[in-house]
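Below is one structure, written out as structure tokens, with a few remarks after it.
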Amino acid sequence: MNLYFMRHGIAVDRANGMSADDRSRPLTPKGIKRIHREAEGLKRLSLAFDLILSSPLERARQTAKIVAQVLQLEDRLVEIEQLAPDQSVRDLLSGLAAYAAKKQILLVGHEPLLSGAVSFLLSGKTGAQIQLKKGGLCCLELDGIPAHKSAMLQWALAPKQLRLLAR
């Protein structure tokens, strides 16, 4: 199974937020444009996902929706609470167990949850110095959920690299 971890795009700054509710902060126009371009990069890589799981927070939902639209996978988009930033790595992995039969899953969420999950799947600990930039993506290969051995990092791409692929 391959798990792909993508951080949401550039969102409205908390200080300039239109709402006190962090869950409703949307992507900025620049964030929308960049995620669309990054999704075009994913398309050039011929990536196909069995499932796209998104955090329920607006900025992640928007990111996942753009990716799903560009890849024509809107029917495979599902929101799960376990990808919200207040969840633990353990919560996330427990939530993923319901999708263990899928082979290619894209997770769209937030830091530090995503990097913590990547770290844990690679090393069994959450403290590795891994950080996904907004719109960044990495791919891990693992033997299943729950994993019986450490995952293997297949690749990681910075957002700029994904945008360059779209050319």
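The model shown is predicted, which means the values in this text are computed figures rather than measured ones.
Contact check for Leu3 versus Leu142: side-chain heavy atoms found under the 4.5 Å cut-off. The shortest distance between side-chain heavy atoms of Leu122 and Ser150 does not fall below 4.5 Å. Counting heavy atoms from C-beta on, the side chains of Ser115 and Leu132 never come closer than 4.5 Å. Here the side chains of His110 and Leu57 are in contact, with some heavy-atom distance below 4.5 Å. Between Phe5 and Val108, every side-chain heavy-atom pair lies at or beyond the 4.5 Å cut-off.
Hydrophobic cluster membership differs between Leu106 and Val118, with clusters built from Ile, Leu, Val, Met, Phe, Trp and Tyr side chains linked at under 4.5 angstrom. Ile105 and Leu77 fall into different hydrophobic clusters, where Ile, Leu, Val, Met, Phe, Trp and Tyr side chains are chained together by heavy-atom contacts under 4.5 Å. When hydrophobic clusters are built by joining Ile, Leu, Val, Met, Phe, Trp and Tyr residues whose side-chain heavy atoms come closer than 4.5 Å, directly or via intermediates, Leu73 is grouped together with Ile35. A continuous path of hydrophobic side-chain contacts links Leu83 to Leu121 [ILVMFWY only; heavy atoms under 4.5 Å]. Note on Leu93: it clusters hydrophobically with Leu153, by side-chain heavy-atom contacts below 4.5 Å among ILVMFWY residues.
For Arg7, the salt bridge (charged side-chain N to carboxylate O under 4.0 Å, His left out) test picks out no residue, with sequence neighbours left out. Not counting sequence neighbours, the partners of Ala166 by the side chain to side chain contact (heavy atoms under 4.5 Å, CB included) test are Arg37, Glu40. By the side chain to side chain donor-acceptor pair (under 3.5 Å) test, Gln87 is found to be paired with no residue, residues two or more places apart in sequence or in another chain being considered. Partners of Glu81 under the salt bridge (charged side-chain N to carboxylate O under 4.0 Å, His left out) rule, at least two apart in sequence or in another chain, are Arg23. Annotation: side chain to side chain donor-acceptor pair (under 3.5 Å) contacts of Asp86 (sequence neighbours excluded): none. In this view, Glu58 and Arg61 satisfy the salt bridge (charged side-chain N to carboxylate O under 4.0 Å, His left out) rule, not counting sequence neighbours. Residues that satisfy the side chain to side chain donor-acceptor pair (under 3.5 Å) test with Glu74, not counting sequence neighbours, are absent from this structure. Under the side chain to side chain donor-acceptor pair (under 3.5 Å) criterion, Thr126 pairs with no residue at all, not counting sequence neighbours.
Side chain of Thr63 to backbone of Arg59: a donor-acceptor contact under 3.5 angstrom is found. For the pair Ser123 (side chain) and Phe120 (backbone), a donor-acceptor distance under 3.5 Å is absent. Put simply, the side chain of Ser54 never gets that close to the backbone of Ala64: no donor and acceptor are under 3.5 Å apart. A distance-only check finds no donor-acceptor pair linking the side chain of Glu141 to the backbone of Met152 [under 3.5 Å].
In this structure, Arg76 and Asp50 approach most closely via the heavy-atom pair CD-O, 3.4 Å.
Note on residues 152-167: pairs passing salt bridge (charged side-chain N to carboxylate O under 4.0 Å, His left out), not counting sequence neighbours, are Glu38-Arg163. Residues in residues 36-58 take part in these ring-ring contact (aromatic ring centres under 6.0 Å, His included) pairs, two or more places apart or across chains: Tyr4-Phe49. Applying the salt bridge (charged side-chain N to carboxylate O under 4.0 Å, His left out) test to residues at least two apart or on different chains, none of the pairs has a partner in residues 94-109. Each ring-ring contact (aromatic ring centres under 6.0 Å, His included) pair with one or both residues in residues 81-103, not counting sequence neighbours, would appear here, but there are none.
A donor and an acceptor atom, one from each side chain of Asp91 and Ser88, are located under 3.5 Å apart. Judged by distance alone, the side chains of Ser55 and His8 never bring a donor and an acceptor atom under 3.5 Å apart.
Taken to the nearest 0.5 Å, the CG atom of Leu165 stands 6.5 Å off from the CG atom of Leu157. Rounding to the nearest 0.5 Å gives a distance of 10.0 Å between CG of Leu113 and CD of Gln82. Distance check: Ile32 CD1 to Lys65 NZ gives 10.5 Å after rounding to the nearest 0.5 Å. Here the NZ atom belonging to Lys33 is positioned 11.0 Å from the OG1 atom belonging to Thr28, to the nearest 0.5 angstrom. A distance of 9.5 Å separates CE in Met6 from CD1 in Ile52, rounded to the nearest 0.5 Å. Put simply, CD1 on Ile80 and CG on Leu92 are 6.0 Å apart, with the number rounded to the nearest 0.5 Å.
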Report task. Given side-chain contact (heavy atoms from CB on, under 4.5 Å), test Ser119 with Ile130 step by step and report yes or no. Result -> CA-CA 7 Å; Ser119 174; Ile130 297 168; 4.1 Å; yes
Query raised in the report: How far apart are the C-alpha atoms of Ile145 and Met1, what are their side-chain angles, what is the distance that settles it, and do they pass the side-chain contact (heavy atoms from CB on, under 4.5 Å) test?
Result: CA-CA 9 Å; Ile145 299 175; Met1 138 183 287; 3.5 Å; yes
